[in-house]
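Here is the structure we will look at.
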Amino acid sequence: MGCARVLAYTGNWAARHRLGRRPLIKYELSMLAGRQQSNEVPAVSHTLTARDLALRALIAGMAGIAMAYVSAFLPLWLARLGPWLMAIVMPLTMCAMMILGAVRAGRGIGPLAGPFALVFLLIAGGFVLALALPTENANTPLWFGLPPRAAVLLCGVGLVPLLLLPVVYALTFDLFILTDEDLARVRAARLPDTKPTGARARSV
Amino acid sequence: MLHLSLGLLHPAAALLQTAALPSMSQPVIGGVAIAYFVIVAIIGTWASRRTRSAADFFVAGKGIGLFTLAIASMAATLSGFAFIGGPGLVYSVGLGAVFIVLPAALTNSMGAWVMAKRLRLLAEVREMMTIPDAIAARYDSRLAQGLAAVAIIIAVIGYMATNIQALGLVIDAIFSPGLVAAIWIGTLIVLAYSVSGGILAGIYNDVFQGSLMALASGAVFWYALAAGGGLSGISRTILDTQPALLSPWGTLTPLAALSFYFVFGLGSLGQPHVIHKYFMLRDARQLKWFPLLMTAAMSVSLLLFVGVGLAMKALVLSGATPALRIPDDATPSFLLLFTPVPLAAIVFASVAAAIMSTVNSFMSVGAAACTHDLPVAFGTRLTNELKWGRIWTVVIALVSAVVAQASGTLVAFLGIFGWGLFASTLVPALAVGLNWAGATRAGAVSSISTGLVVTLSLETMAYLKLFAFPSGVNASAIALVSSMLVFFAVSWFTRNTALSTLAPDVRAVMEA
């Protein structure tokens, strides 16, 4: 049963990409930003949502992190690939987690797509540059008072996301993260009995 | 004693503070410390008069404001490690240690997107007192709630033992009563305000303590830059003799440094002593400014972490000060040699403050797990949760204080798995589960069980030296990856049951 579902699901994917004849990345990026119109979705039984994409990225990221750790048990030439893999999949995991939290039903992640993509590029780029750039010595010039690799890492992975994300969160909060209507809808869903699940009062 | 076998450094081991500090017995330092303890007692007494119910005791009556939430969350997140162990780690391994705090650029915003809104909205539709309550509501599962409570209790005891021992070391360094007496003095002070005022006392003490931490850290960072000749001067001195310390990974391997980022980044979503504070916010709409405020407060508070470690290394390498006895002497030595005594006194009080705010938060979540979650998991509920909450707070504190007097190695072992256990048991079921309707009860139970078993078995085997991980690999990361993958796999295979355990009100929260 499970295998049949996997096959059917895979078949749907294949069918969609054959029928759609549209570059996958373009379609999925537009989904992520919530710009995909319903009449643009290929006519198959399963269509991807931004949440699906985030989940896939999260699962792929976790699998990648697992592989990076496994590489440490392998011969040296394979073990050297571990940090490179980690440098890519770990930011992917973090950004996928943020997207999963930010995504709104039927609205993708709207204005957050750009900042999240930028943060992924900054963090992954920072890690990759730190791995790729040459080692420092006593004559290395300083950037902002630090050796170049350290400066790139601290600015790209630390400072810019640190300044950017909280501001983006605040600026998009009223329109996209939690509106008064959202709050009213949640309060309307409140059950008459608000006791914690499974609780039954008993004297002690 | 920090576990500094370079590439083999365990992420959680880096947080431990189990070595004696240099003596700080000076009248001004002692006087400031006493004044600090008096203020803590006053806040505790005030809060105790406002604590009338279990909701007051465990979730501050769900009535705190934005500023209070942000500063209290920051204070609970940062333990004394940010002031003593962290600079010591920077001193010994260089910039590799920064990977512990680098995720803070993401974690506060990530926590707001992934957890804060969902948890706060859950408190709108259900009576939420604990993190296992949220798991029970999400999956309609008492088993998941009970397993989460067991994981929390185990981790809390270990974590508290290490923090109480660290508090004892600080008090011993200031007043010199001996370590055992210092441990009991520290325990009794935290216990006094935690039992009387519960989390309400803890929260308002956290605001005081967090403000103190931020002020002290900012001031000390300025002195560190001045003493080292500015950031360029510090970098030049270190590059001349030990350039590896200023490589992005320091003297760690890249995989070890990246492991720090992973465990302390993603793992932050599963720290119950921080995330359960989201229940306490008076108005969900105030979350708008939460990441900005908390990130600002945390950034200032972490300046000392990086600044003092690098400055002391440059000062030692340039011959301005003698070599340190142990890396953890970096902050005490810097304060005594390069800052005015009153500032040093405030920083030492801040160290105690940081530890006490963390201990109080652990006491609260541990007592709530014993008082509320375990009985509910067995299908019952205590009628006087306030009284039992106070009793369990005392029990947990006393057990932790007794454990804290064991050997440094055992306490270190108990502390090591705390962060990893929280992360591996709570991140999949809660952080992913609250944002994905496809998560199932079986997936949650399996992932929590996996986190418990993998963390405890791997850490125990490593403690008993039955095996050693290769450089950069550690049990916390393996447990977190395993529990996440198990969560997804089991949820996939049981996906037909996903919607049957999702109550309409919880679904409304997840779709908001």
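Letters go in sequence order (proteins before strands), and every chain restarts at 1.
Using modelled atom types, one side-chain atom of B:S483 and one backbone atom of B:A479 make a donor-acceptor pair closer than 3.5 Å.
The pair A:E181-A:R185 does not meet the salt-bridge criterion, since no charged nitrogen lies less than 4.0 angstrom from a carboxylate oxygen. Ion pairing of A:D180 with B:R285 is present here, as a side-chain N (NZ or NE/NH1/NH2) and a carboxylate O approach within less than 4.0 Å. For B:D505 and B:R126, the salt-bridge test passes: some basic side-chain N is under 4.0 Å from an acidic carboxylate O.
Using a 4.5 Å cut-off between heavy atoms, B:F99 contacts chain A through its side chain alone, with no backbone atom that close. If you measure heavy-atom distances from B:T107 to chain A, you find no contacts under 4.5 Å at all. B:F488 touches chain A through its side chain: at least one heavy atom from C-beta onward sits under 4.5 Å away, while N, CA, C and O do not. Of the two parts of A:P141, only the backbone, made up of N, CA, C and O, holds a non-hydrogen atom closer than 4.5 Å to a non-hydrogen atom of chain B. For chain B, the nearby part of A:T93 is the side chain; its heavy atoms alone come within less than 4.5 Å. Both the backbone and the side chain of A:M97 come within contact range of chain B, judged by heavy atoms closer than 4.5 Å. Residue contact with chain A, scored on non-hydrogen atoms closer than 4.5 Å, is absent for B:V306. Within the 4.5 angstrom heavy-atom criterion, atoms from both the backbone and the side chain of B:K288 approach chain A. With a 4.5 angstrom heavy-atom cutoff, A:F127 touches chain B via backbone and side-chain atoms both. Only the backbone of B:M510 has a heavy atom closer than 4.5 Å to any heavy atom of chain A. For chain B, the nearby part of A:L112 is the side chain; its heavy atoms alone come within less than 4.5 Å. Proximity to chain A (any heavy atom under 4.5 Å) is shown, for B:V101, by neither the backbone nor the side chain. The part of A:L183 that comes within reach of chain B is its side chain, from C-beta onward, which places non-hydrogen atoms under 4.5 angstrom from that chain. Of the two parts of B:M484, only the side chain, counted from C-beta on, holds a non-hydrogen atom closer than 4.5 Å to a non-hydrogen atom of chain A. When heavy atoms are compared at a cutoff of 4.5 Å, A:F176 does not approach chain B at all.
Interface check for chain A: of the options B:A508, B:G265, B:S247, the most heavy-atom pairs under 4.5 Å are formed by B:S247. For the set A:D182, A:L163, A:L171, A:I123, the count of heavy-atom pairs under 4.5 angstrom toward chain B peaks at A:I123. Among the candidates B:M294, B:R236, B:R118, the residue making the largest number of heavy-atom pairs closer than 4.5 Å to chain A is B:R236. Per-residue counts of heavy-atom pairs under 4.5 Å with chain B were compared for A:C95, A:A72, A:A63; the largest is that of A:A72. When each of A:P166, A:A102, A:P147 is checked for heavy-atom pairs under 4.5 Å with chain B, A:P166 comes out on top. Considering only heavy-atom pairs separated by less than 4.5 Å from chain A, the leading option among B:W113, B:W436, B:F487 is B:W113. Considering only heavy-atom pairs separated by less than 4.5 Å from chain A, the leading option among B:L95, B:L485, B:L293 is B:L485. Here A:D174 is the residue among A:D174, A:V167, A:L164, A:L133 with the most heavy-atom pairs under 4.5 Å with chain B. With chain A as partner, the option from B:L292, B:I478, B:L258, B:V432 having the largest number of non-hydrogen pairs under 4.5 angstrom is B:L258.
For the side chain to side chain contact (heavy atoms under 4.5 Å, CB included) test, residues two or more places apart in sequence or in another chain that qualify with A:L131 are A:P83, A:W84, A:A87, B:W249, B:P254. Looking at residues two or more places apart in sequence or on another chain, you find a side chain to side chain contact (heavy atoms under 4.5 Å, CB included) between A:V103 and A:A50, A:R51, A:I109.
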Verdict with supporting geometry, B:N108 and B:T295, side chain to side chain donor-acceptor pair (under 3.5 Å):
CA-CA 6 Å; B:N108 300 320; B:T295 301; 3.2 Å; yes
